[in-house]
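Just so it is clear, the model here is predicted, and its values are computed rather than measured. Sequence lines set the chain letters: A, B, ... in the order given, protein chains first and strands last, and positions in each chain run from 1.
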2 protein chains.
Amino acid sequence: MRIGELSRRTGVPARMLRYYEEQDLLRPDRAVNGYRVYPEAAVYRVQQIRGLLDSGLTTDIIRRIIPFLDRPDDIHLHPDCLTPELADLLRSEAARIQQRVECLSRNRDRILAYLAAVEAAKQGAGC
Amino acid sequence: MRIGELSRRTGVPARMLRYYEEQDLLRPDRAVNGYRVYPEAAVYRVQQIRGLLDSGLTTDIIRRIIPFLDRPDDIHLHPDCLTPELADLLRSEAARIQQRVECLSRNRDRILAYLAAVEAAKQGAGC
DNA sequence: GCTTGCCTTCTCATTGATGAGAAGGTTTCA
DNA sequence: TGAAACCTTCTCATCAATGAGAAGGCAAGC
């Protein structure tokens with residue numbers, strides 16, 4: 001598919017899809033006329049990129065971890081692909097992500113607890 | 001305490017503490033000479049702001065939810081404080097945070113699963 | 001063939017979170 | 001009194017992600 005269709009199907013502006021390519025997050029083929037040509041899987045890939053960006057990861061981090069985020073296919077499973085430095089990077093990124101998860105979960109719970117408490121107070125007061 | 005001490009104790013540059021004040025996330029008192037004066041609780045507050053910023057929330061969102069993130073004290077518990085619009089805002093923010101948590105958890109799990117798979121492959125291969 | 005719509009690249013602008021420095025007032029301590 | 005360490009405000013710069021437009025090539029339909 002071309003960039004317009006990918007944009008429509010993901011809701012991400014074509015401008016941004018070109019930017020993600022510039023950042024090496026996407027690597028579309030090119031048609032003979034120079035148009036970008038994306039495989040079907042690009043839809044999922046773009047959604048994944050958006051989710052990670054919205055979660056506060058930078059394109060730099062996403063670029064480095066995205067090869068390992070796909071469904072487990074045997075291509076990446078060969079230990080040879082994984083230098084010790086890369087393994088460390090992945091472990092530390094997982095830890096940083098975990099910190100974010102904890103912080104966000106904690107604060108989500110506080111918001112919900114507040115709402116629940118107000119609800120209970122309303123009930124109790126018979127309003 | 002003054003801005004320098006707060007900066008040292010939180011590891012956040014004084015420049016940023018002034019910025020958070022500009023963004024209405026902090027409201028220090030002023031000494032007679034004009035110096036900012038922070039209460040002890042500001043240390044915790046700053047850490048909370050940092051965690052949320054690092055998790056990808058904007059100062060705008062943080063400003064709107066931060067009054068409800070404190071330990072439950074009865075000050076905020078009066079339902080009168082909570083207009084229906086504000087309750088909706090809080091619910092939707094909680095939902096958005098939840099989405100981030102899910103996205104991040106999913107990808108953290110994939111990274112860890114990848115690492116585990118490689119580890120298992122190494123063991124199996126007797127390397 | 002011309003119009004319309006989609007594509008290309010390039011460039012300029014903006015926004016939010018930061019870094020950094022200047023110029024000057026205050027406190028402390030020797 | 002003078003130096004050192006703090007504080008103030010103001011300003012300019014940067015970086016990542018994004019918006020937006022110009023200028024022009026390609027393609028499908030009337």
Rounding to a whole Å, what distance do you find between B/L17:CG and D/dC7:P?
10 Å
With side chain to side chain contact (heavy atoms under 4.5 Å, CB included) as the test, pick out the partner of B/I49 among B/L69, B/I66, B/D54.
B/I66
Would you kindly give the CD-to-P distance between A/E22 and D/dA16, to the nearest whole Å?
11 Å
List the steps, then state whether side chain to side chain contact (heavy atoms under 4.5 Å, CB included) holds for A/S105 with A/E102.
CA-CA 5 Å; A/S105 298; A/E102 284 166 8; 5.8 Å; no
Roughly, in whole Å, what's the span from CG in B/N33 to C1' in D/dA5?
14 Å
Separation of A/L57 atom CG from D/dA17 atom C1', in whole Å?
14 Å
By nearest-nucleotide position on DNA chain C, the 5'-leaning member of B/R50 and B/V32 is B/R50
Look at the side-chain N and O atoms of A/Y19 and state whether any lies under 4.0 Å from the OP1 or OP2 oxygen of D/dT18.
no
Remember a base hit wins even if backbone is also touched, and classify A/R18 as base, sugar-phosphate or nothing at under 4.0 Å, heavy atoms.
base
Between A/L53 and A/Y35, whichever has its closest DNA chain D nucleotide further toward 5' is A/L53
Heavy-atom nearest nucleotide on DNA chain C taken for B/D54 and for A/G4; more 5' hit belongs to A/G4
Has the side chain of A/R36 got a donor or acceptor atom that lies under 3.5 Å from a matching backbone atom of A/L17?
no
Roughly how many Å is it from CD in A/Q23 to C1' in D/dA16, rounded to a whole number?
8 Å
Say whether, by atom type as modelled, one donor and one acceptor occur between the side chain of A/R63 and the main chain of A/Q23 under 3.5 angstrom.
yes
Checking B/I97, B/V101, B/L104 against A/S55 for side chain to side chain contact (heavy atoms under 4.5 Å, CB included), the one that qualifies is B/L104
A quick test of your reading: do over 12 heavy atoms of other residues, nucleotides or ligands sit less than 6.0 Å from CZ of B/R64?
yes
Among D/dG19, D/dC7, D/dA16, which nucleotide sits nearest the side chain of A/R15?
D/dG19
In whole angstrom, give the distance that lies between atom CD of A/E21 and atom C1' of D/dT18.
17 Å
Start and end of chain B contact along DNA chain C [non-hydrogen atoms, under 4.0 Å]
C/dG16 to C/dT27
Determine whether A/L115 and B/L86 fall in the same hydrophobic cluster, where Ile, Leu, Val, Met, Phe, Trp and Tyr are linked whenever their side-chain heavy atoms lie under 4.5 Å apart.
yes
